[in-house]
Undergrad: 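Let me give you the structure first, and then I'll get to my questions.
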Amino acid sequence: MSAGIPTLCPQCDLLQQSPPLPPKGTAHCARCGHALHRHRPNSIDRTLALTLTGLVLFVVANSYPFLSFEMQGQMTQTTLMTGVHDLTAQGKGAVAAVVFFTSVLAPGLQLVLLLAVLAPLKLGGRLPPGFPTLFRWFKSLAPWGMMDVFMIGILVSVVKLTEMASIVPGAALFAFVVLIFVLAAAQAALDPDVVWERVPLPADVRRSPAVGERVIGCDICELVVPEQAVLMDHQGRQRCPRCTDVLHVRKPESLQRTWALVITAALCYLPANLYPIMSVTSLGQTQSDTILSGVLFLLHHGMWPLAAVVFTASIFVPLLKLLILFSLLLSVQLRSHWRPRDRTRLYRITEAIGRWSMVDVYVVTILVALVHLGNLASIEAEAGAVFFCIVVIITMLAAMSFDPRLIWDALEQDHGGAPPTRRADKHNRG
Ligand SMILES: [Zn+2]
Ligand SMILES: [Zn+2]
């Protein structure tokens, strides 16, 4: 908790003083409404307990059979890694790498990093060297762990296969489901401010900036760094004295990068929807499935809630994200003053929804892993899945490279306000 500590809003760059928070209270930015600080009682103890539980579940989820597929007396048994192996064997190594990273590696690393950070805090004494770097890595991994999305992928896959064969859940599946909730609870219990406050800081950084002094906000630990206290590395880059992340007044080349990524994703969106994402061979007959035909299949079988989920996640969300990013980019380039608070909110939506589009990539992975009984029944990933995976990853990167503070810069500069590097000011304390 950061009562009385100056805070630069990471989304609109307003310098403000966070008020002392009541238990479970939240401080929102006075200008754009972004949640700046949230008080989480007993944060270290609760998060540590959940992390240890999560690590046990993670080992179980990766060691035991996940799902079994039985058809006409033949059985395939899969673990979490089977789909990754099979995709690689089918020449879709890039998709396999993304699936492995988002469903196994990122959640596993998050748990290990969280343990490495919280255990020394709990045990007390001096923090180990590299402590801020470990927590910085944990924070950077957060958007990439997608076990909850994977779970929706399992549901869709099981529904698709129920007519064809019987699906038997394994011990790992149960561990996996509980792990999703434990990991979500750990993230909700964690108060990053409590962790960062334990990192020792030199006295010239701990003070509030003087009126008129230039300050830079750290994107990772959200420290407000007075310009004189900025560390310089041997390449001449400015670094945060607390978490050692590179400091930027604005994300570097934000507009150019985001434009390039949005255009690339838009170009890949067409083949992702036109090419089949997989081909299904059943009793010697082969049939190709696009994303849309997968939705229609669910509709025809009366599974309209799942059809709605897949349609929203795979077709609507990527398109919506691209449209929002496109209009945000355009509005910044035209120096628009139109509803900056709503535009910042739109940006937050694009950040939050993008990962849900991975559902169809997971469905293909799970189906490929479960169904390989030769001519009797087998499923292969096709080119559409590769393009689709590229669209999801690139739109996520595009949202990350866009800097929402640019929305507010045009307003400030046109009203004769401060240029991007903030000057501490007595008046804007929320
Ligand atoms: Zn703000
Ligand atoms: Zn920092």
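This is a predicted model, so every value here is computed, not measured. First listed ligand is number 1; within each ligand, the first listed atom is number 1. Numbering starts at 1 and runs along the sequence shown.
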Undergrad: Report yes if some heavy atom in the side chain of L190 is under 4.5 Å from a heavy atom in the side chain of R40; otherwise report no.
TA: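 The answer is no, as the side chains (C-beta and beyond) never meet within the 4.5 Å cut-off.
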Undergrad: Keeping to distances under 2.8 Å, can you name the protein N/O/S atoms close to the Zn ion (ligand 1)?
TA: C9 SG, C12 SG, C29 SG, C32 SG
Undergrad: Per the side-chain contact (heavy atoms from CB on, under 4.5 Å) rule, which among M358, R355, M147 passes with T102?
TA: M358
Undergrad: Mind checking whether F388 and Y275 have ring centres under 6.0 Å apart?
TA: no
Undergrad: Is a donor on one side and an acceptor on the other found under 3.5 Å between the side chain of S336 and the backbone of V332?
TA: no
Undergrad: Which residues and atoms, protein N, O or S only, are under 2.8 Å from the Zn ion (ligand 2)?
TA: C218 SG, C221 SG, C240 SG, C243 SG
Undergrad: Check whether any side-chain N or O of S63 sits under 3.5 Å from a backbone N or O of V59 as a donor-acceptor pair, and report yes or no.
TA: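 Answer holds: yes.
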Undergrad: I'd like to know whether W408 forms a side chain to side chain donor-acceptor pair (under 3.5 Å) with T344, so could you lay out the CA-CA distance, the side-chain angles of the two residues, the decisive distance to 0.1 Å, and finally the verdict.
TA: CA-CA 9 Å; W408 299 88; T344 314; 3.0 Å; yes
Undergrad: Answer yes or no: does atom OH of Y64 have more than 12 heavy-atom neighbours from other residues, nucleotides or ligands under 6.0 Å?
TA: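 Atom OH in Y64 is not packed in, count stays at 12 or less.
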Undergrad: Is R38 reaching over with its side chain to a backbone N or O of K24, donor-acceptor style, under 3.5 angstrom?
TA: no
Undergrad: Do F66 and F176 have ring centres separated by under 6.0 Å?
TA: yes
